[in-house]
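Remarks on the structure that follows.
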Amino acid sequence: MSVASSDCFACAQRPLLGRRVALIHPAWHSCGTYRVVLGQIAAYRALGAEVFPIAISSDPGFVPGRSWIWKSFNQATPELDGDPRYYGGAPFHAMLSPQFLRDVLWPYLHGDQAVVRLGMAERARLSPGIEGATFDLVHCNHFFLMPIARRLAGGAPILLDTHDLQARQFALINETKLWLAPRASYESMLAQELEAMRGADLLLHLNAQEAEDFRALIPEKAHALLYPATPEAPTGPGGPDIILIASNNTANVESVIWFLREVAPKAPGVAVKIVGNVDAAVRSKAPEQYAAYKDWFLGRVEDPGVVYANARLALLPTISGTGLSIKTVEALSSGLPLIATTQAMRGMDEEALRLPGVAIVSSAEEFADALNRAAAVSAPLDEAGRRGSPARRYYESRLSLAAYKASLGVLAAALISAGSRE
């Protein structure tokens with residue numbers, strides 16, 4: 001191969017070589033969004049870009065420079081160690097201005113989840129070296145961080161990962177809380193979400209249903225469907241465990257409680273390891289079920305990969321939630337046999353619903369029957385079997401880092417090129 005052809009090959013493999021990408025994300029961990037962000041960072045670096053991950057807190061006082069206040073987040077996100085970390089958050093004094101009290105706090109007391117998140121982002125202070133820096137591309141996660149994306153863009157294109165329709169999530173959150181009347185409506189929060197999104201040059205969607213919805217809501221914007229690059233789970237060596245992984249969010253809490261109430265009693269003698277920080281919420285909302293199955297709860301673990309590595313079966317008893325389930329993607333990547341509700345497979349294509357080794361159920365009775373049958377299988381799949389399983393092959397073709405990198409490289413390079421011509 002000649003030097004010229006070798007250079008061309010390198011350019012094709014790393015089309016963003018030398019480009020600077022600001023990657024803005026909520027300061028969340030132990031959740032699907034965080035796994036998506038890790039995939040974004042890995043993909044951009046593989047494409048040759050220099051990445052600046054900026055974690056933004058929506059809690060007051062989480063300003064850069066206060067290492068003690070960020071300690072918990074840093075400890076929970078060791079994957080971000082080894083490279084510079086950047087932060088953002090609104091200082092306490094920003095909450096005391098009459099404008100904030102009138103325009104942000106008062107609507108929030110009526111349940112306006114959109115305005116408070118946008119208001120905190122607008123007042124965020126950023127790490128030194130980020131404010132005023134120049135970037136070739138700004139990749140923003142979630143509409144409510146768009147005020148920061150616009151601040152940093154300076155003429156660079158903005159790519160917004162919508163994740164899902166947040167107004168739906170906000171409406172679900174508000175069902176469980178007491179607010180002043182009149183309560184903020186879904187329509188009013190959606191209007192704010194859409195207006196913020198209009199500031200982006202390209203809207204990325206994580207699943208087919210959300211892409212269809214957003215295309216109808218904002219037809220004037222450019223859209224692309226791009227399944228996220230969720231870091232893969234280990235495919236072995238395998239072990240005896242039946243696992244259920246769940247972080248502490250409303251949908252996961254409801255799903256775990258449903259499983260304990262409706263499914264577990266119908267599968268006596270089957271032991272399940274419930275992994276993740278969902279335990280405290282289940283104990284609070286369903287103390288009877290928690291007490292009956294408290295030995296199943298392991299709490300948050302440092303490395304969820306170990307849990308997948310030593311398992312023989314993964315359970316996805318999802319009964320609510322919107323958007324693509326990152327937990328489901330991780331389970332598919334492990335190559336484990338799965339038992340999943342139809343809701344757990346939301347946002348995926350028809351092929352995902354027909355994968356051998358993945359039992360799709362629509363009721364507690366069907367879930368318990370599948371669980372009893374799977375638990376009776378004595379020999380778990382070995383590592384070779386899991387790596388060659390239909391679930392793992394589906395993940396590699398659609399949801400892996402390699403698949404995501406290839407698509408993201410095309411989209412990001414086109415955005416940057418278009419911006420350079422303007």
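Atom CD1 of I158 sits about 11.5 Å away from atom CG of L202, to the nearest 0.5 Å. Remark: I416 CD1 to L137 CG distance equals 5.0 Å, nearest 0.5 Å. Rounded to the nearest 0.5 Å, atoms CD1 (I339) and CG (L336) are 11.5 Å apart. From F170, atom CZ reaches atom CG of L165 across 10.0 Å, with rounding to the nearest 0.5 Å. Taking CG of D303 as the reference point, atom OH of Y308 lies at 11.5 Å (rounded to 0.5 Å). To the nearest 0.5 Å, atoms CD1 (I148) and CE (M120) are separated by 10.5 Å.
Taking every heavy atom of both residues into account, Y87 and P64 meet most closely at O-CG, 3.4 Å. In terms of heavy-atom proximity, A368 sits nearest to K266 at CB-CB, 3.5 Å. The minimum heavy-atom distance linking R261 with A286 is given by the pair NH2-CB, 4.0 Å. What you find for A208 and L225 is that their closest heavy atoms are N-CD1, 3.7 Å. In terms of heavy atoms, P107 sits closest to R102 at CD-O, 3.4 Å. Of all non-hydrogen atoms in S333 and A233, the two that sit nearest each other are OG-N, 2.9 Å.
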Would you tabulate the side-chain donor-acceptor contacts of residues 171-181 under 3.5 Å, counting partners in other chains and residues two or more places apart, or write 'none'?
from	atom 1	to	atom 2	distance (Å)
N174	OD1	Q113	NE2	3.0
N174	OD1	W179	NE1	3.0
N174	ND2	G111	O	2.8
T176	OG1	I173	O	2.9

Solution key, residues 237-250 side-chain donor-acceptor pairs under 3.5 Å, sequence neighbours excluded:
from	atom 1	to	atom 2	distance (Å)
D241	OD1	K273	NZ	3.4
D241	OD2	K273	NZ	3.3
S247	OG	S30	O	3.4
S247	OG	N252	ND2	3.2
N249	OD1	A251	N	3.2
N249	OD1	N252	N	2.8

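Taking the six-membered ring for Trp and thresholds of 30 and 60 degrees, F367 and W258 have ring planes more than 60 degrees apart, a perpendicular arrangement. The aromatic rings of H205 and F214 sit parallel, their planes meeting at an angle under 30°, below the 60° perpendicular limit. Using cut-offs of 30° and 60° for the angle between ring planes, the Y44 and H139 rings count as perpendicular. Between F135 and F52, the two ring planes are perpendicular [angle over 60°; tilted spans 30° to 60°].
The stretch residues 141-151 participates, sequence neighbours left out, in these salt bridge (charged side-chain N to carboxylate O under 4.0 Å, His left out) pairs: E131-R151. Screening residues 59-71 for side chain to side chain donor-acceptor pair (under 3.5 Å), with sequence neighbours left out, gives no hits. Sorted by first and then second residue, the pairs that involve residues 334-360 and meet salt bridge (charged side-chain N to carboxylate O under 4.0 Å, His left out), not counting sequence neighbours, are D349-R398, E351-R398.
No side-chain heavy atom of T342 sits under 4.5 Å from any side-chain heavy atom of T318. A 4.5 Å side-chain heavy-atom check between V282 and F259 finds every atom pair outside the cut-off. For the pair L313/L315, a side-chain contact is recorded, criterion being any heavy-atom separation below 4.5 Å from C-beta on. Counting only heavy atoms from C-beta outward, the side chains of R123 and V104 approach each other to under 4.5 Å. By the 4.5 Å heavy-atom criterion applied to side chains, E232 and S400 are not counted as neighbours. By the 4.5 Å heavy-atom criterion applied to side chains, L415 and L159 are counted as neighbours. Between V358 and L353 there is no side-chain heavy-atom pair separated by less than 4.5 Å. In this structure, the side chains of R386 and D382 stay at 4.5 Å or more apart for every pair of heavy atoms.
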Let's go through E210 and R168 carefully: what are the C-alpha distance in whole Å and the side-chain angles of both, what is the deciding distance for salt bridge (Lys or Arg N to Asp or Glu O under 4.0 Å) to 0.1 Å, and is it a yes or a no? CA-CA 11 Å; E210 301 291 348; R168 289 175 180 158; 3.5 Å; yes
Walk me through it: do V410 and L408 pass the test side chain to side chain contact (heavy atoms under 4.5 Å, CB included)? CA-CA 5 Å; V410 172; L408 181 65; over 6 Å; no
Evaluate salt bridge (Lys or Arg N to Asp or Glu O under 4.0 Å) for E330 paired with R35, printing each intermediate quantity in order. CA-CA 9 Å; E330 286 185 342; R35 308 308 295 177; 3.1 Å; yes
Verdict with supporting geometry, K405 and Q40, side chain to side chain contact (heavy atoms under 4.5 Å, CB included): CA-CA 8 Å; K405 171 194 164 187; Q40 293 168 354; over 6 Å; no
Would you sort out whether L411 and L204 count as a side chain to side chain contact (heavy atoms under 4.5 Å, CB included), showing the intermediate values? CA-CA 10 Å; L411 293 170; L204 283 188; 3.7 Å; yes
Quick one, V329 with Y395, criterion side chain to side chain contact (heavy atoms under 4.5 Å, CB included). Give me CA distance, side-chain angles, the key distance, then yes/no. CA-CA 7 Å; V329 176; Y395 163 81; 4.0 Å; yes
Determine whether R198 and E220 satisfy the following criterion, salt bridge (Lys or Arg N to Asp or Glu O under 4.0 Å), listing intermediate values before the conclusion. CA-CA 9 Å; R198 290 188 175 95; E220 72 274 16; 2.9 Å; yes
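With hydrogens and angles disregarded, no donor-acceptor distance shorter than 3.5 Å links the side chain of N277 to the backbone of R300. Looking only at distances, no side-chain donor or acceptor of S407 sits under 3.5 Å from a matching main-chain atom of Y404. Panel note: side chain S325, backbone T328; a donor-acceptor pair is recorded below 3.5 Å. Put simply, the side chain of Q166 never gets that close to the backbone of H142: no donor and acceptor are under 3.5 Å apart.
For S320 and E254, the side-chain atoms include at least one donor-acceptor pair closer than 3.5 Å. A donor-acceptor contact under 3.5 angstrom links the side chains of N141 and H163, judged on distance only. R85 and T77 are linked by a side-chain donor-acceptor pair at a separation below 3.5 angstrom, with hydrogens and angles left out of the test. Looking only at atom types and distance, the side chain of S58 has no donor-acceptor partner in the side chain of R117 under 3.5 Å away.
For H25 and Y34, the ring centers are positioned 6.0 Å apart or more. For Y290 and F297, the distance between ring centers is under 6.0 angstrom.
E365 meets the salt bridge (charged side-chain N to carboxylate O under 4.0 Å, His left out) test with no other residue; sequence neighbours excluded.
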